[in-house]
Amino acid sequence: MISWDFRVTLNRAPADDEVDALFEAGLDDCSIAGGPRGDVYLTCDREAESMLDAIASVIAQIRTVPGLWPVGVGEDDGVTLGDAARRHGGRTQASLRQLATGQRGPGGFPEPLIEADNISIYSWAEISEWLRTRMGDDIPSENPDVALADALVKVNCRARAAHREDGLRHLFDSVA
Amino acid sequence: MMPAAQFIPCGGYRHVNELGLQGWKCRSNHATLLQGCYMVSRGRHQHNEINAAFKVIRKTRSLTVVEIHKGHRWGAIECVCGGDPYTVWCTPRNPGNHARGILRYVNTHAACADSEDGS
Ligand SMILES: [Zn+2]
């Protein structure tokens, strides 16, 4: 099974007991973190049949903790070459490594942003742009499943704010 | 006193509870009364990938590794910007992915020290 990599933004920072509750709900494959602008999110690596299944199972576990809910779904820009290969879909990690080391390709592959002993983090925006322009690879600018999940989560937030969640569910069932 | 029922050897992780009693904690929470981390030594996580990420944190001016050892939290990575810290689990499902998450946090917050200085 594939491990899908995505980010779910939360409505607020979880309190200490809620952090443990999230772990015990099964989110030990996600990390809780925040950005400099006050956003709080889970970065997730979830094994599932599809990206949508993975996102759905993470959101279902978040919802087991009262008072927490998702307000957005996205992808982190920081990737390993393994992550990049999964996002790309048409290249292996080995192929990307050869391009990164200059063994193959025109050279000039984007440099890693961060390097630890055995993990290098690259910018997915930089890698995907380089692969598009230098290698002619066809890579969509955003993952369509992630974009769909984000749109649905945001619609649900609007419905929640307007106390129309049941109405939205009926509408969704009749549209879908 | 160590209630025997709490110790179910089901292939989980080694834990030490608040009294320092060792036992096993499994994913299905057979031993939920056992909370806390198996401490390797101060400042070190039991997974080397995570220690490697800590080395990067300790070189990043805006970030600090804080040990908590409470519940499922080994600790946290805190930033001077006051953004929500990165929660470091005692027993992440995949230590390599958890270490990558720490490095992503570094990437997101690397410039925070500069903007603090500028303000
Ligand atoms: Zn910061």
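Each chain gets a letter, A, B and so on, in the order the sequences are listed, and its residues count up from 1.
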Please determine whether the number of non-hydrogen atoms from other residues, nucleotides or ligands lying under 6.0 Å from atom [atom1] of [X] exceeds 12.
X        : atom1 : answer
A:Asp17  : CG    : yes
A:Arg97  : CZ    : no
A:Arg104 : CZ    : no

Min side-chain heavy-atom separation [X]-[Y] under 4.5 Å:
X        : Y        : answer
B:Leu103 : A:Ile119 : yes
A:Ile114 : B:Tyr105 : no
B:Trp89  : A:Asp29  : no

Interface moiety of B:Val56 toward chain A, non-hydrogen atoms closer than 4.5 Å: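 The answer is the side chain of B:Val56.
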With a 4.5 angstrom heavy-atom cut-off, which part of [X] approaches chain B: side chain, backbone, both or neither?
X        : value
A:Leu113 : side chain
A:Asp5   : side chain
A:Ile121 : side chain

Main-chain N/O of A:Arg46 paired with B:Arg93 side-chain donor or acceptor, under 3.5 Å: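 Here the side-chain-to-backbone pair does not exist.
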Under 3.5 Å donor-acceptor, B:His98 side chain and A:Asp28 backbone: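 Flag not set: sc B:His98 to bb A:Asp28 has no pair under 3.5 Å.
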Pairing of B:Arg100 and A:Asp76 as salt bridge, 4.0 angstrom limit: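 No, B:Arg100 and A:Asp76 are not salt-bridged.
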Point-to-point distance, once rounded to the nearest 0.5 Å, from CG of A:Asp117 to NZ of B:Lys55: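 If we round to the nearest 0.5 Å, A:Asp117:CG and B:Lys55:NZ are 3.5 Å apart.
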